[in-house]
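Below, chain A is the first sequence line, B the second, and so on; all start at residue 1.
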Amino acid sequence: MSGPVRVRFAPSPTGTLHVGGARTALFNFLFARHHGGTFILRIEDTDRERSTQESVGAIFEGLRWLGIDWDEGPDKEGAHGPYFQSARLAGYTAAAGRLLEEGKAYRCFCAPEELKRRREAALKRGEPPKYDRTCLRLPPRESDARAAAGEPHAVRYRMPDDGETAWNDAVRGDVTFQNATLDDLVIFRADQHPTYNFAAVVDDAAMEISHVIRGDDHISNTPRQLRLYAALGLAPPVFGHVPMILGPDGTRLSKRHGAQSVMEFRDAGYLSEALVNFMALLGWAYDGERELFTLAELGEAFTLERCSKNPAIFNYEKLDWMNGEYFRALPLARRAELVAEHLRAEGALAPEAYADRTELERAVAAVGDRMKRPQQFLDYAAYLFVERVEPEQGPWEELLAKPGAPSRLRSFATLLEGAASLDHDALDQSSRALAKEEGVKFGDMVMPARIALTGKKVSPGIFDVIALLGRERTVRRLRDMADRIESAAGAAKA
RNA sequence: GGCGGUAUCGUCUAGAGGCCCAGGACGUGGCCCUCUCAAGGCCAAAACACGGGUUCGAAUCCCGUUACCGCUACCA
């Protein structure tokens, strides 16, 4: 517990980096930063069936994007490497051999299918599905002979029959398990690979991990691992189990809940700063008041004592809000860049639309804080990139319902045609004067124009839209819309 | 089924016996600002799961119930 702080994030490369894993990584990272310790990345690829190289790459990419840099790990070899469990097999084999020799573990020749059958039968009878210790009762000589003959077998750790295993959890306090409820877990598989609980213990000890911070789905693994530490004569680390992240329906976050991998959030336009900040608040709070933190500030503020014990439901609306906070704070050039990036990725516009970065920046500036994510840009600017505006149903009906709309559009067009400049304030003045002259409310003149120009009832300020469109296009759209309204009205009458 | 964990507004949470007829944030509703929408400002509705204790006093401690979650693999 004294000694340097060394924590790790130990994902299994069986998929992408999802928010649950990322949050665990983040907490470990923050804990290390807070204590000036070391954050280690270790890849737990002992499941040869499911581990893939692509997943390893996805985890790296996700962590890097979030800004969670590891001090030791793949690509950052330290004194405790290697950092892939597949490269540390010798250590597990030796440790298992030692336990076997000392009689703390035994070989199990039971076939997996047979085990499964017994388990189901026990469950059916309403009994706990513990391993029945068939192979523990094997005479040592027989066990040795069968192993020598090459019969495939696993190695099981022999759990104590009584007593209890307890620890003081750094976030939950005292947790106790009766040893009698623990069964003889397999530590080494027939395929010569260690199981998770065993490899984790051997590595955490070898890597001198001081604190194991992980999701609370690991609570029931902890007593097993504690027994293993004891059997191996190793000092256990401090354990801290943080609450899990649930989907909106209260079940474990999964694909069903929409975006879940960190990269999907990036592609949806979320900023890593926002996602990090948001994830930090899932299961941790500073004082219940302050909510906006940079990664560095989180490192300053983060402590296990302030982690909550209850599971947190992932709140997409709040993430959206937070992303808006960060997005709006970005310099204009950066926002425009992100918008361009997104537009390009979506293939949303013709290539020439991106040619003029200044033009794009003007549009982004006009859209202003209406967008929380780059993907919302087109909601407020699509009309800039089309030849002719096709009004949406609602707005179109509104135009038809307003009897004076066409004439207002025309007089507004005339005004703009003759305006000395498209300067915002000048136009604002002359437009208001015009409205007054015609005896209509300013808003009643602006709204038809907005619809004629953008096809929508919602847009940036009308004078920003005009400036962006330019005099030619503006005047043309205004008059064109007046014509269309009239011909539609005429058709309706006839 | 067994074991373990958790239980404060719809959601994330503050609260570690009196400061709480419970605070903040998202979301929701209203008002203001206003050319629309955002942003911003103001206001509002909204919670201590239930039942027993302990105590002068409990959201805070103990017990039980209920609910939810996790584990119960030769997955991690």
Side-chain angles (χ1 to χ4, degrees), chain A residues 10-14 44-47 49-51 108 110-112 115-116 119 122-130 152-156 169 172 175-178 180-183 185-191 193-197 199-200 215-224 241 243-244 246 248 250-252 278 281-292 305-306 308-322 324 328 367-372 376 379-380 428 431-432 435 441-447 449-451 454 456-463 465:
Chain A
S12 61
T14 53
E44 308 218 325
D45 55 351
T46 55
D47 184 342
E49 308 275 289
R50 304 195 302 147
S51 299
C108 177
C110 299
L115 256 13
K116 193 175 173 209
R119 197 160 44 233
L123 229 32
K124 213 168 191 174
R125 273 178 274 127
E127 290 166 21
K130 276 176 69 171
H153 61 272
V155 176
R156 281 181 190 274
D169 196 276
R172 275 153 215 277
V175 184
T176 308
F177 282 79
Q178 294 301 316
T181 65
L182 272 22
D183 71 350
L185 75 158
V186 169
I187 57 174
F188 222 76
R189 296 195 290 248
D191 68 2
H193 282 254
T195 56
Y196 161 71
N197 281 119
D216 74 14
D217 47 335
H218 283 286
I219 286 184
S220 37
N221 281 321
T222 306
R224 308 176 217 285
H241 291 93
M244 308 218 313
L246 275 21
T251 64
R252 195 185 198 129
F278 179 73
L281 259 20
L282 254 22
W284 175 85
Y286 179 63
D287 60 2
E289 305 275 318
R290 181 170 174 203
E291 305 205 282
L292 265 13
E305 290 70 44
R306 299 216 51 92
S308 93
K309 299 185 185 63
N310 7 347
I313 290 176
F314 195 95
N315 186 340
Y316 291 91
E317 288 78 39
K318 187 154 186 178
L319 204 216
D320 268 340
W321 163 77
M322 195 170 274
R328 281 197 297 274
V367 171
D369 51 27
R370 267 164 275 254
M371 76 178 143
K372 295 177 179 169
Q376 288 161 343
D379 293 343
Y380 298 100
D428 187 81
S431 308
R432 282 175 197 281
K441 282 193 290 187
F442 184 57
D444 287 335
M445 195 176 73
V446 169
M447 193 47 86
R450 185 191 312 287
I451 296 171
T454 71
K456 298 179 167 219
K457 284 198 253 189
V458 169
S459 81
I462 195 71
F463 303 118
V465 171

Tell me what A:Pro311 touches on the nucleic acid: a base, only sugar-phosphate, or nothing, going by heavy atoms under 4.0 Å. sugar-phosphate
Measure the distance from CD1 on A:Ile313 to C1' on B:rG10 and round it to the nearest whole Å. 9 Å
Take the angle between the ring planes of A:Tyr196 and A:His218 and call it parallel below 30°, perpendicular above 60°, tilted in between. tilted
Taking atom P of B:rU6 as reference, at what distance in whole Å does atom NE2 of A:His241 sit? 12 Å
Please report the distance separating the C1' of B:rU66 from the corresponding atom of B:rC50, rounded so that it comes out in whole Å. 7 Å
Taking atom C1' in both B:rU54 and B:rC63, what distance in whole Å separates the two? 11 Å
When all nucleic acid strands are considered with a 4.0 Å heavy-atom cut-off, which category describes A:Arg119: base, sugar-phosphate, or nothing? sugar-phosphate
State which residues pass salt bridge (Lys or Arg N to Asp or Glu O under 4.0 Å) with A:Arg172; sequence neighbours excluded, sorted by chain then number. A:Asp216
With a 3.5 angstrom cut-off on both distances, give the Watson-Crick or G-U wobble partner of B:rC37, or none if there isn't one. none
Taking only N/O atoms, report every protein-nucleotides 63-65 of chain B pair under 3.5 Å with atom names and distance.
none

Name the nucleic acid region contacted by A:Thr46, choosing base, sugar-phosphate or nothing; use a 4.0 angstrom heavy-atom cut-off, strictly under. sugar-phosphate
Under a 4.0 Å heavy-atom criterion, the protein footprint on nucleotides 25-37 of chain B, written with B, S and -, is BB--------BBB
Considering heavy-atom distances to RNA chain B, does A:Glu44 or A:Asp183 have its closest nucleotide positioned more toward the 5' end? A:Asp183
Return the nearest nucleotide to the side chain of A:Arg328; candidates are B:rU8, B:rA76, B:rG40. B:rG40
A:Phe188: which residues meet the ring-ring contact (aromatic ring centres under 6.0 Å, His included) condition with it, sequence neighbours left out? none
What does A:Thr176 touch in the nucleic acid at a heavy-atom separation under 4.0 angstrom: a base, only the sugar-phosphate, or nothing? sugar-phosphate
Counting only Watson-Crick or G-U wobble pairs whose two distances fall under 3.5 Å, which nucleotide matches B:rC26? B:rG10
Length of the line joining A:Arg252:CZ and B:rC69:C1', which is rounded to integer Å: 10 Å
Looking only at atom P, what distance separates B:rG57 and B:rG4, rounded to whole Å? 33 Å
RNA chain B nearest-nucleotide lookup for A:Met371 and A:Ala285: closer to the 5′ end is A:Ala285
Quick one: label A:Ala312 by what it contacts on the DNA or RNA (base, sugar-phosphate, nothing), any heavy atom closer than 4.0 Å. sugar-phosphate
Which whole number of Å gives the distance between the P atom of B:rA7 and that of B:rA14? 10 Å
For A:His153, the ring-ring contact (aromatic ring centres under 6.0 Å, His included) test, sequence neighbours excluded, returns A:Phe109
Just checking A:Gly368: base, sugar-phosphate only, or nothing, at a heavy-atom cut-off of under 4.0 Å? nothing
Answer for the Watson-Crick or wobble partner of B:rC71, both distances under 3.5 Å, is B:rG2
Check: A:Arg119 side chain, A:Pro129 main-chain N or O, donor-acceptor pair, under 3.5 Å: no
In whole angstrom, what separates A:Asp369's CG from B:rG40's P? 8 Å
So A:Leu115, base contact, sugar-phosphate only, or nothing? Heavy-atom distance under 4.0 Å. base
Base-pairing mate for B:rG64 - Watson-Crick or G-U, with both contacts under 3.5 Å: B:rC50
Hits for side-chain contact (heavy atoms from CB on, under 4.5 Å) against A:Pro248, two or more places apart or cross-chain, chain-then-number order -> A:His257, A:Tyr316
Using purine N1 to pyrimidine N3 plus N6-O4 or O6-N4 for Watson-Crick, or N1-O2 and O6-N3 for G-U wobble, both under 3.5 Å, which nucleotide pairs with B:rG57? none
In whole angstroms, the gap separating P of B:rA7 from CG of A:Leu246 amounts to 14 Å
Indicate yes or no for a side-chain donor-acceptor contact from A:Arg306 to the backbone of A:Ser308 under 3.5 Å, with no hydrogens or angles considered. no
Expressed in whole Å, how much space separates the C1' atoms belonging to B:rU65 and B:rU6? 15 Å
Rounded distance (Å) that lies between atom C1' of B:rA38 and atom CG of A:Asp320: 14 Å
Classify the nucleic acid contact of A:Arg125 as base, sugar-phosphate or nothing, counting any heavy atom under 4.0 Å across all strands shown. nothing
Select base, sugar-phosphate, or nothing to describe what A:Met244 touches, counting heavy atoms under 4.0 Å on all strands. sugar-phosphate
Using Watson-Crick geometry (N1-N3 plus N6-O4 or O6-N4) or G-U wobble (N1-O2, O6-N3), each under 3.5 Å, B:rG17 is paired with none
Rounded off to whole Å, could you give me the NE2-to-P distance for the A:His218 and B:rC69 pair? 19 Å
In whole Å, what is the span from the CZ atom of A:Arg50 to the P atom of B:rC74? 14 Å
Using only modelled atom types and a 3.5 angstrom limit, is any donor from either the side chain of A:Asp217 or the base of B:rA76 paired with an acceptor on the other? no
